[in-house]
Amino acid sequence: VQLQASGGGLVQAGGSLRLSCAASGRTFRTYNMGWFRQAPGKEREFRAAINWSGSSTMYADSVKGRFTISRNNAENTVYLQMNSLKPEDTAVYYCAASLTFGRRLELYGYWGQGTQVTVSS
């Protein structure tokens, strides 16, 4: 599966952004999907995941109540709605696909190219 992330940008603290990740191929609905971020000089870290059907989600503690992951299997797309953004959310955000539902980076074998999110104070 090939992934293309979009929707990043510059936003003020307290604002919102919605990231999209479009997938190619008819097998999208078989994959569990995740969003990760990577700030300069730091390791890539988990933000949110959704299982193949959309019935289960999981979040990093720091984004619970602020971020919402969702998917539309008919449109081969996964979303990350980010509200109440903080300057510390600034990073490149990546979508990824996995055959196993989870938060560990090593589960994900397919990655998009990343989209920059910058939150100003």
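Across all their heavy atoms, L10 and S120 have their closest contact at CD1-CB, 4.4 Å. When all heavy atoms of W35 and L80 are compared, the pair lying nearest together is NE1-CB, 3.5 Å. Nearest approach of L3 to A23, heavy atoms of both residues: CD2-CB, 3.6 Å. Summarising the geometry of S24 relative to V1, their closest heavy-atom pair is O-CG2, 3.3 Å, with the distance given to 0.1 Å.
Residues forming a side-chain contact (heavy atoms from CB on, under 4.5 Å) with V63 (at least two apart in sequence, or on another chain): R47, Y59, A60, R66, F67. Listed by chain and residue number, E45, D89 satisfy the salt bridge (Lys or Arg N to Asp or Glu O under 4.0 Å) test with R37 (two or more places apart in sequence, or in another chain). With sequence neighbours excluded, the residues that form a ring pair (Phe, Tyr, Trp, His ring centres under 6.0 Å) with Y31 are Y110.
Under 3.5 Å, the side chains of S16 and N83 contain a donor-acceptor pair of N or O atoms. No hydrogens or angles considered: nothing links the side chains of S98 and T100 as a donor-acceptor pair under 3.5 Å.
Between the OG1 atom of T68 and the CE atom of M82 there is a distance of 11.0 Å, given to the nearest 0.5 Å. The structure places SG of C21 at 10.0 Å from CZ of R71, a figure rounded to the nearest 0.5 Å.
Annotation: side chain of V11 is not in contact with side chain of T118 (no heavy-atom distance under 4.5 Å). Looking at heavy atoms from C-beta onward, M58 lies in side-chain contact with F46 at the 4.5 angstrom threshold. A heavy-atom distance below 4.5 Å is found between the side chains of V78 and I69. The side-chain heavy atoms of T115 and V92, taken from C-beta on, include no pair separated by under 4.5 Å. Within the 4.5 Å cutoff, the side chain of M33 has no heavy atoms near those of the W52 side chain. A heavy-atom distance below 4.5 Å is not found between the side chains of L85 and Q12.
Cation-pi geometry between R44 and Y94 is met: under 6.0 angstrom from the ring centre, within 45 degrees of the axis.
Within 6.0 Å of the CD atom in E88, the count of heavy atoms belonging to other residues, nucleotides or ligands exceeds 12. In this structure, E106 places its CD atom where more than 12 heavy-atom neighbours from other residues, nucleotides or ligands lie under 6.0 Å away.
W111 and F36 have their aromatic ring centers within a separation under 6.0 angstrom.
The backbone N or O of G102 sits less than 3.5 Å from a side-chain atom of Y108, completing a donor-acceptor pair. A donor-acceptor pair is defined here as one N or O able to donate and one able to accept, closer than 3.5 Å; no such pair exists between the side chain of Q116 and the backbone of G8. N51 places a side-chain N or O within donor-acceptor distance of the main-chain N or O of S56, the cut-off being under 3.5 Å.
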Could you walk me through whether Y79 and L19 pass the side chain to side chain contact (heavy atoms under 4.5 Å, CB included) check?
CA-CA 6 Å; Y79 303 97; L19 305 184; over 6 Å; no
